[in-house]
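Below you'll find the structure, written out as structure tokens, and then a few comments.
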Amino acid sequence: MTDRQKRVAVFVSGGGSNLQALIDECAKPDSPARIVLVLSNNADAFGLQRAAKAGIATAVVDHREFADRPSFEQAISKALAAQHVDIVCLAGFMRVLTPDFVEAWRDRMLNIHPSLLPDYKGLHTHERALQDGRTEHGCTVHLVRPALDDGPLLLQAKVPILPEDDPDCLAARVLAQEHRIYPAALRLLASGAVSVDGERAEINGRPGPLVWTAAD
Ligand code: GRF
């Protein structure tokens, strides 16, 4: 690891396919980021096995063992400090974080969300896009703010919604794009290409989000 690499923690609660995409990206020799910690609230998260296989340190902070959110987050903060983390990536982390924690990581914490934000914040995004008869859907990487699925948008990928789609096949099409834009967004943030003015991000001087299609 070089001094110029940012030290990254990835938070997962489940399968961690986005984590895997980030691991693969950070394994590239020219990566400006290195994953130093994978943290989960769930000891059974498959993402922890992915981390172990890649030789990355893991931490389990089980929310059920804490009286309240602040004490849960204190334990998380301790794990992050121990690894001198610079950037946090939420990758299917199914716990809501308090405004205090989020503000402590302002402009240093990324999230991936399976919709074209600001549309469809929250859960069941694919079902809702289908129900609304949308013809286009996608995913977004954004800097995290205290409100759910809110914050300056960095990168989006659009996919078409096809007449025969059900939520599962639409989710799979979107997930493939998540695996492209999350590593790319981390690279942009870690390399210093992102600047933030309030609630707007600029990427290499261009207003965010950069929008990709499946063909890009
Ligand atoms: C992804 O759809 C992500 O957008 C959402 O949770 C899911 C996590 O999938 N926030 P994985 O654990 O990365 O496979």
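Quantities reported herein were computed from a predicted structural model and do not represent experimental measurements. Positions are given from 1 along the sequence. Heavy-atom basis, side chains included; hydrogens, waters and symmetry copies ignored.
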| query | Hey, quick one: are Leu22 and Ile87 part of the same hydrophobic cluster, counting side-chain heavy atoms closer than 4.5 Å, chains of contacts allowed? | reply | yes
| Do Phe101 and Leu143 sit in the same hydrophobic cluster, where Ile, Leu, Val, Met, Phe, Trp and Tyr count as joined when their side-chain heavy atoms come under 4.5 Å apart? | no
| request: Identify which one of His179, Lys53, Arg50 satisfies the side-chain contact (heavy atoms from CB on, under 4.5 Å) criterion when paired with Gln20. | output: Arg50
| query | Will you find, in the side chains of His113 and His142, an N or O donor that is under 3.5 Å from an N or O acceptor? | reply | no
| Run the side-chain contact (heavy atoms from CB on, under 4.5 Å) check on Val60 and Glu65 step by step: do they pass? | CA-CA 11 Å; Val60 175; Glu65 291 172 8; over 6 Å; no
| Once you round to the nearest 0.5 Å, how far does CD of Glu199 lie from CG of Leu153? | 10.0 Å
| said: Could you check whether any side-chain heavy atom of Glu25 comes within less than 4.5 Å of a side-chain heavy atom of Tyr182, counting everything from C-beta outward? | reply: no
| field | Pairs involving residues 107-116, ordered by first then second residue, that meet salt bridge (charged side-chain N to carboxylate O under 4.0 Å, His left out) (sequence neighbours left out) | value | Asp107-Arg145
| request: Following the transitive rule for hydrophobic clusters with a side-chain heavy-atom cut-off under 4.5 Å over Ile, Leu, Val, Met, Phe, Trp and Tyr, establish whether Met109 and Val196 coincide in one cluster. | output: no
| field | Leu117 to Asp149 - nearest heavy-atom pair and separation | value | CD1-O, 3.6 Å
| Passes side-chain contact (heavy atoms from CB on, under 4.5 Å), Val174 versus His126? Steps please. | CA-CA 9 Å; Val174 171; His126 312 301; 4.0 Å; yes
| Which heavy-atom pair separates Gly208 from Ile203 by the least distance, and what is that distance? | CA-CD1, 3.7 Å
| Path from Val211 to Leu189 over hydrophobic side-chain contacts below 4.5 Å | no
| query | So, does Ser115 use its side chain to make a donor-acceptor pair with the main chain of Thr125 at under 3.5 Å? | reply | no
| request: Calculate, to the nearest 0.5 Å, the distance between atoms OG and CG belonging to Ser191 and Asp30 respectively. | output: 10.0 Å
| request: With the side chain counted from C-beta on, respond yes when Thr140 and Tyr120 share a heavy-atom pair under 4.5 Å apart, and no when they do not. | output: no
| said: Has Gln177 got a side-chain atom pairing as donor or acceptor with Lys158's backbone, closer than 3.5 angstrom? | reply: no
| Any Val8 side-chain heavy atom under 4.5 Å of Cys89 side chain | yes
Kindly list each side-chain donor-acceptor pair under 3.5 angstrom involving residues 37-48, sequence neighbours excluded, with atom names and distances?
from	atom 1	to	atom 2	distance (Å)
Ser40	OG	Val12	O	2.8
Ser40	OG	Asn42	N	3.0
Ser40	OG	Asn42	O	3.0
Asn41	OD1	Ser13	OG	2.7
Asn41	ND2	His63	ND1	3.2
Asn42	OD1	Asp44	N	2.9
Asn42	ND2	Ser13	O	3.0

| task | Please name the pair of heavy atoms, one in Phe72 and one in Phe66, separated by the smallest distance, quoted to 0.1 Å. | result | CA-CG, 3.7 Å
| task | Examine distances only and state if a side-chain atom of Asp165 and a backbone atom of Leu162 form a donor-acceptor pair shorter than 3.5 Å. | result | yes
| task | For the residue pair Pro183 and Asp24, establish whether any side-chain heavy-atom pair is separated by less than 4.5 Å. | result | no
| said: Quick one, Pro152 and Arg200 - any side-chain contact, counting heavy atoms below 4.5 Å? | reply: no
| field | Derivation of the side-chain contact (heavy atoms from CB on, under 4.5 Å) call for Trp105 and Val144 | value | CA-CA 8 Å; Trp105 288 91; Val144 178; over 6 Å; no
| Under the criterion side-chain contact (heavy atoms from CB on, under 4.5 Å), which of Leu80, Leu19, Val61 is the partner of Phe11? | Leu80
| task | Can you tell me which residue pairs pass the salt bridge (charged side-chain N to carboxylate O under 4.0 Å, His left out) test with a partner in residues 125-135, sequence neighbours excluded? | result | Asp119-Arg134
| query | Got a donor-acceptor contact below 3.5 angstrom from the Glu73 side chain to the Thr98 backbone? | reply | yes
| message | Between Val88 and Leu90, is there a side-chain heavy-atom distance shorter than 4.5 Å? | response | yes
| said: Between Gln5 (side chain only) and Ser31 (backbone N and O only), is there a donor and an acceptor less than 3.5 Å apart? | reply: yes
| said: I'd like to check Ile181 versus Cys139 (side-chain heavy atoms, cut-off strictly below 4.5 Å). Are they in contact? | reply: yes
| task | State whether the number of non-hydrogen atoms from other residues, nucleotides or ligands found under 6.0 Å of Asp197 atom CG is greater than 12. | result | no
| task | Would you confirm whether Arg173, through its side chain, and His137, through its main-chain N or O, come within 3.5 Å as a donor-acceptor pair? | result | no
| Counting distance only, does the side-chain N/O of Arg7 pair as donor-acceptor with the main-chain N or O of Gln83 below 3.5 Å? | yes
| From Leu175 atom CG to Leu170 atom CG, the distance as rounded to the nearest 0.5 Å | 11.0 Å
| Do Lys121 and Asp150 come within less than 4.5 Å of each other through their side chains, counting heavy atoms only? | yes
| field | Shortest non-hydrogen contact between Ala54 and Ile23, atoms and distance | value | CB-CG2, 3.8 Å
| query | What about Ile35 and Leu110, same hydrophobic cluster or not, with Ile/Leu/Val/Met/Phe/Trp/Tyr joined at side-chain heavy-atom distances under 4.5 Å? | reply | yes
| Contact summary for Ala91 and Asn18, nearest pair of heavy atoms | CB-CB, 4.1 Å
| Which atom of Cys26 lies closest to which atom of Leu186, heavy atoms considered | SG-CD2, 3.9 Å
